[in-house]
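Quick note: residue numbers are just sequence positions, from 1. Everything numeric in this text was worked out from a predicted model, so none of it was measured.
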Amino acid sequence: MKLTTLRLKNFRNATHIKLDFDPAVTFLVGPNARGKTNILEAIYFLLTGKGIKEDRQEELLSFGTQEADVEGILEDDDMQLLLRIHLTLTTRVEKVFMVNKLRRQRLAYLKESVPCVLFSPALIAIIDGQPSERRTFIDHLISTVDMEYKKRLSNYENALRKRNRIIEKTENLDNLRRELLFWDDYLIQQAEYIVQKRTQVIERMNTHIIHELPFTISYKVNVISHATLEDNFMKQYYQKRTLVGPQRDEYRITYHKDNANIDVHTYASRGEQRLALFWLILQQLHIYVSDLHQDPILLLDDIFSELDQANKHLITTHINLYQTVLTTTEEELAKKENINGRIINI
């Protein structure tokens, strides 16, 4: 299905706005700080039910307002869906999800939506940030196509918090060992599935070759077992937290250039890091198409900054495969790259 129309009321800086989108490519063109990114976030919010930064949900509403609406129309040859999320700000942000004017629970709403993949400069932290940023990206990707993984990951994270609380509160070592027995077994069981699925998705990324983007990704498992837990028992006792397990797994991306293997996180240029992030986005798209049997909507925010003309062209060769909405300050970009689409000046 394609997104044909978006209506916003009191969403960020858009008090009232209606936009129509091309089924192929739509360019949102304008100077910086004009609200182009807010429109992309509104699409992302409509399709996923969450903002780019969920810890600041109150900022989704226009300043000084208590209610907002994000509404969009999805269409294909024989169906039309009207999606709407109504936000109310009280002591927190409350969301009401609707499909064709009928209220839905969030999970039911998302089942009727379409997949969405976002490139944003804010996501460069996946490349140059802490390992947790990469784990979050991979976890979100797998959880979108595998509900069992999402459940196991949630189980693991909840159990990990409970285990850590026991370590924090229990001073006697013999009592601590006894109290941890159940949680050790449980964490090991959940981790087995998590590691298996993470290994599989990394293998899929490395076998899906994109010749113009010669990147690979490696996965280093931080093994949780009775042996590793016992080896680290005293260290965990003193540091008051669990020191082994999937919460400490690591991913590293390598750029293969001029017969050299460059660690992207340490040695790549800003432009090369952006290309690495785009490579991850393309891998995400490929997995969504394969596993969800739907074409995702691709959102590209300011992707051309810090790239030379050759790499700009490289990116534009990939966007015609999906409905794409992108922001740019370069009004001539569509003409330069000979892309047929709609240009919306913001």
Side-chain angles (χ1 to χ4, degrees), residues 1-8 11 40-61 67-76 79-118 120 123 135-161 186 189-190 193-194 196-198 200-201 246 281 284-299 322-323:
M1 300 189 78
K2 308 292 186 183
L3 177 68
T4 59
T5 303
L6 179 73
R7 298 185 184 93
L8 305 178
F11 185 87
L40 277 197
E41 183 172 22
I43 300 172
Y44 183 81
F45 181 74
L46 177 75
L47 300 178
T48 67
K50 61 182 181 181
I52 297 173
K53 294 183 178 180
E54 275 293 275
D55 57 336
R56 299 179 181 177
Q57 291 190 76
E58 67 280 359
E59 295 179 7
L60 295 174
L61 291 84
E67 292 186 295
D69 281 292
V70 179
E71 184 178 279
I73 298 174
L74 297 173
E75 294 187 51
D76 62 14
M79 182 182 294
Q80 182 182 94
L81 286 178
L82 175 64
L83 301 182
R84 182 185 175 213
I85 304 177
H86 178 74
L87 299 93
T88 305
L89 178 61
T90 53
T91 55
R92 60 186 180 88
V93 175
E94 298 179 359
K95 303 172 188 174
V96 175
F97 298 91
M98 285 171 278
V99 179
N100 291 336
K101 299 184 179 181
L102 298 176
R103 188 163 178 165
R104 293 281 194 271
Q105 295 296 317
R106 184 174 185 271
L107 287 179
Y109 174 93
L110 294 178
K111 286 180 180 179
E112 299 196 60
S113 181
V114 298
C116 174
V117 175
L118 170 72
S120 166
L123 298 180
R135 286 195 298 270
T136 298
F137 176 84
I138 297 296
D139 287 341
H140 171 71
L141 190 163
I142 304 174
S143 296
T144 301
V145 299
D146 185 346
M147 293 304 295
E148 180 66 18
Y149 181 88
K150 186 174 183 178
K151 182 179 79 173
R152 297 288 189 108
L153 185 64
S154 178
N155 290 344
Y156 183 89
E157 291 171 344
N158 289 333
L160 183 66
R161 284 191 288 270
Y186 187 80
Q189 181 185 36
Q190 303 306 311
Y193 189 89
I194 293 168
Q196 178 189 23
K197 293 302 177 180
R198 287 179 178 180
Q200 289 175 358
V201 81
I281 296 302
Q284 184 181 13
L285 284 165
H286 174 72
I287 290 170
Y288 283 3
V289 171
S290 298
D291 292 16
L292 300 176
H293 309 293
Q294 286 182 290
D295 287 338
I297 294 175
L298 178 58
L299 307 175
Y322 312 94
Q323 184 183 21

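Salt bridge present: Arg84 and Asp69 bring a charged side-chain N and a carboxylate O closer than 4.0 Å.
The shortest distance between side-chain heavy atoms of Leu3 and Ile73 does not fall below 4.5 Å. When side chains are defined from C-beta on, Val70 counts as touching Leu6, because their heavy atoms get closer than 4.5 Å. Using a 4.5 Å heavy-atom threshold, the side chains of Val96 and Arg103 count as touching. Taking 4.5 Å as the limit, some side-chain heavy atom of Ser113 sits within range of a side-chain heavy atom of Leu83. Taking 4.5 Å as the limit, some side-chain heavy atom of Glu71 sits within range of a side-chain heavy atom of Leu82. Val117 is listed as a side-chain neighbour of Tyr288, based on a closest heavy-atom distance under 4.5 Å. A 4.5 Å side-chain heavy-atom check between Phe137 and Gln284 finds at least one atom pair inside the cut-off. Considering only heavy atoms from C-beta on, Met1 comes within 4.5 Å of Leu81 through its side chain.
Once rounded to the nearest 0.5 Å, the distance linking CD1 of Ile281 with CG of Leu298 reads 8.0 Å. The structure places CD1 of Ile43 at 8.5 Å from CG of Leu8, a figure rounded to the nearest 0.5 Å. Atoms CD1 and CG, from Ile194 and Asn155 in turn, are 8.5 Å apart once rounded to the nearest 0.5 Å. Within the model, atoms NZ of Lys50 and CD of Glu41 stand 11.5 Å from one another, a figure rounded to the nearest 0.5 Å. Distance OG1/Thr88 to CG/Leu61: 8.0 Å, rounded to 0.5 Å. The distance from the CZ atom of Arg106 to the NZ atom of Lys111 is 12.5 Å, given to the nearest 0.5 Å.
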**OP:** In sequence, state the C-alpha distance, the side-chain angles, and the governing distance for Leu102 and Arg104, and then conclude on side chain to side chain contact (heavy atoms under 4.5 Å, CB included).
**Re:** CA-CA 6 Å; Leu102 298 176; Arg104 293 281 194 271; 3.5 Å; yes
**OP:** Report the C-alpha separation of Phe11 and Phe45 in whole Å, then their side-chain angles, then the decisive distance to 0.1 Å, and conclude whether the side chain to side chain contact (heavy atoms under 4.5 Å, CB included) test is met.
**Re:** CA-CA 10 Å; Phe11 185 87; Phe45 181 74; 4.2 Å; yes
**OP:** Give the intermediate values and the outcome of side chain to side chain contact (heavy atoms under 4.5 Å, CB included) for residues Leu110 and Phe97.
**Re:** CA-CA 9 Å; Leu110 294 178; Phe97 298 91; 5.8 Å; no
**OP:** Using the side chain to side chain contact (heavy atoms under 4.5 Å, CB included) rule, take Ile287 and Ile142 through it: C-alpha gap first, then chi angles, then the decisive distance, then the call.
**Re:** CA-CA 9 Å; Ile287 290 170; Ile142 304 174; over 6 Å; no
**OP:** Could you walk me through whether Gln57 and Lys95 pass the side chain to side chain donor-acceptor pair (under 3.5 Å) test, one step at a time?
**Re:** CA-CA 10 Å; Gln57 291 190 76; Lys95 303 172 188 174; 3.0 Å; yes
Subject >> Steps toward side chain to side chain donor-acceptor pair (under 3.5 Å) verdict (Thr4, Glu75) >> reply: CA-CA 7 Å; Thr4 59; Glu75 294 187 51; 3.2 Å; yes
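Under the ring-ring contact (aromatic ring centres under 6.0 Å, His included) criterion, His286 pairs with His208, sequence neighbours left out.
Shown here for Glu112 and Val99, the closest heavy-atom pair between the two residues is OE1-CG1, 3.6 Å. The two residues Ser143 and Leu153 come nearest to each other via the heavy atoms OG-CD2, 4.5 Å. What you find for Tyr109 and Leu46 is that their closest heavy atoms are OH-O, 2.7 Å.
Listed by first and then second residue, the salt bridge (Lys or Arg N to Asp or Glu O under 4.0 Å) pairs that reach into residues 137-150 are Asp139-Arg198, Glu148-Lys151, Glu148-Arg152, sequence neighbours excluded.
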